[in-house]
Amino acid sequence: MLSMKNVQAYYGNIHALRDINVEIERGEIITLIGANGAGKTTTLMAISGIVPPRGGSINFLGQPIHALRPDRIVSLGISQVPEGRHIFPHLSVAENLDMGAFLRKDKGQVKEDLEYIFDLFPILAERRAQDGGTLSGGEQQMLAISRALMARPTLLLLDEPSLGLAPLVIKHIFKIIKKINQEHNTTVFLVEQNANLALHTADRGYVMENGRITLEGVADELLADDRVKQAYLGL
């Protein structure tokens with residue numbers, strides 16, 4: 001579904017991604033784990049077109065996307081939930097969700113998808129007229145995920161969905177991520193510092209260090225790998 005081959009990315013003169021090779025099949029949950037500053041977020045930004053690669057290629061459903069604008073990439077079926085949520089704080093919950101569907105023309109289906117969102121997260125239905133900035137951290141994360149889903153993606157990019165949230169809220173968010181994947185066959189690429197949670201959620205995983213992929217494999221194999229245990233699982 002998505003293929004990154006020898007991708008290079010920079011922030012100014014800083015070489016942030018070095019020869020990144022990632023393969024994602026339709027219907028999978030793939031996770032990318034690593035320490036702060038390893039290049040995980042930059043990987044998602046490269047896919048989304050926000051940090052255009054300076055080398056290598058990114059293909060989505062057989063089409064090269066590494067030279068496309070972010071809005072064009074969204075229209076092809078890729079949505080990103082950014083680290084820190086970045087909802088529109090002065091817009092209502094309903095208006096934030098409308099922004100997620102901004103590029104869509106199928107208004108009837110948008111209405112159905114909105115009802116699906118409110119089934120997933122009933123609290124958002126209750127707070128639909130409330131400004132996004134007044135929601136709790138967990139509710140804002142629910143809104144950020146929901147806004148991305150309103151674009152009807154076939155590939156959902158999630159950047160640190162557990163960041164700053166209480167354990168019970170994290171458990172609920174990850175349960176919903178699995179549900180979205182299973183019910184809609186939405187492929188998920190999950191960047192997450194909580195390696196234990198990420199690998200227990202994902203089918204396969206990649207480990208990133210200093211802008212490079214250093215390990216990859218089935219999630220269970222990575223959970224059992226001594227290097228992963230020592231560096232990321234505290235075992």
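If you read the sequence from its start, that first residue is 1, and numbering goes on from there.
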Open item on the list: Nearest 0.5 Å, please: how far is CD in E139 from CD in Q141?
Closed with: 12.0 Å
Task: Between E192 and S162: side-chain donor-acceptor atoms closer than 3.5 Å - done: yes
Task: Transitive ILVMFWY side-chain link I173 to L32, under 4.5 Å - done: no
Open item on the list: Testing the basics here: between P89 and D131, what is the closest heavy-atom pair and its distance to 0.1 Å?
Closed with: O-CB, 3.5 Å
TODO: Would you please test Y232 and Q193 for side-chain hydrogen bond (donor to acceptor under 3.5 Å, both in side chains) and show each step?
DONE: CA-CA 8 Å; Y232 304 107; Q193 269 198 291; over 6 Å; no
- [ ] Report yes if the side chains of L120 and I145 come closer than 4.5 Å at any heavy-atom pair, otherwise no.
- [x] no
TODO: Measure across A148 and L156 and return the closest heavy-atom pair with its distance rounded to 0.1 Å.
DONE: CB-CD1, 3.8 Å
Task: Side chains of L76 and L68 in contact at under 4.5 Å (non-hydrogen atoms) - done: yes
Task: Main-chain N/O of L197 paired to N194 side chain as donor or acceptor, under 3.5 Å - done: yes
Task: Heavy-atom check, side chain of I87 versus side chain of R147, under 4.5 Å - done: yes
Open item on the list: For N21, I'd like to know if atom CG has over 12 heavy atoms of other residues, nucleotides or ligands within 6.0 Å.
Closed with: yes
Open item on the list: Please confirm whether the ring centroid of H200 lies under 6.0 Å from the ring centroid of F174.
Closed with: no
Task: Atom pair CD1/CG of I180 and L149 - distance to nearest 0.5 Å - done: 4.5 Å
TODO: May I ask you to check whether over 12 heavy atoms, not counting those of R69, lie within 6.0 Å of atom CZ?
DONE: no
- [ ] Please examine the side chains of I78 and L157, heavy atoms only from C-beta on, and report whether any two atoms are closer than 4.5 Å.
- [x] yes
Task: Closest approach of L103 to S75 (non-hydrogen atoms, all atoms of both residues) - done: CD1-N, 4.3 Å
Result block: side-chain N/O donor-acceptor pairs under 3.5 angstrom for residues 40-48, not counting sequence neighbours:
unit_1: K40; atom_1: NZ; unit_2: G34; atom_2: O; d: 3.0
unit_1: K40; atom_1: NZ; unit_2: A35; atom_2: O; d: 3.0
unit_1: T41; atom_1: OG1; unit_2: E83; atom_2: OE1; d: 3.4
unit_1: T41; atom_1: OG1; unit_2: D159; atom_2: OD1; d: 3.3
unit_1: T41; atom_1: OG1; unit_2: D159; atom_2: OD2; d: 2.8
unit_1: T42; atom_1: OG1; unit_2: Y11; atom_2: OH; d: 3.2
unit_1: T43; atom_1: OG1; unit_2: G39; atom_2: O; d: 2.9
unit_1: S48; atom_1: OG; unit_2: L44; atom_2: O; d: 3.2
unit_1: S48; atom_1: OG; unit_2: Q80; atom_2: OE1; d: 2.5

- [ ] Walk me through it: do T187 and E28 pass the test side-chain hydrogen bond (donor to acceptor under 3.5 Å, both in side chains)?
- [x] CA-CA 5 Å; T187 307; E28 288 187 303; over 6 Å; no
Task: salt bridge (charged side-chain N to carboxylate O under 4.0 Å, His left out) between D106 and R152, intermediate numbers included - done: CA-CA 11 Å; D106 54 336; R152 197 162 248 239; 5.1 Å; no
Open item on the list: Are V191 and L158 packed together at the side-chain level, in the sense that at least one heavy-atom pair is separated by less than 4.5 angstrom?
Closed with: no
Task: Lys/Arg N to Asp/Glu carboxylate O, R204 vs E216, below 4.0 Å - done: no
Open item on the list: Contact between L155 and F60 at the side-chain level, heavy atoms closer than 4.5 Å - yes or no?
Closed with: yes
Task: SB check D19 K5 (cutoff 4.0 Å) - done: no
Open item on the list: Nearest 0.5 angstrom please: L165 CG to M142 CE, how far?
Closed with: 8.5 Å
Open item on the list: Checking H15 now: which residues fulfil ring-ring contact (aromatic ring centres under 6.0 Å, His included) with it, not counting sequence neighbours?
Closed with: Y10
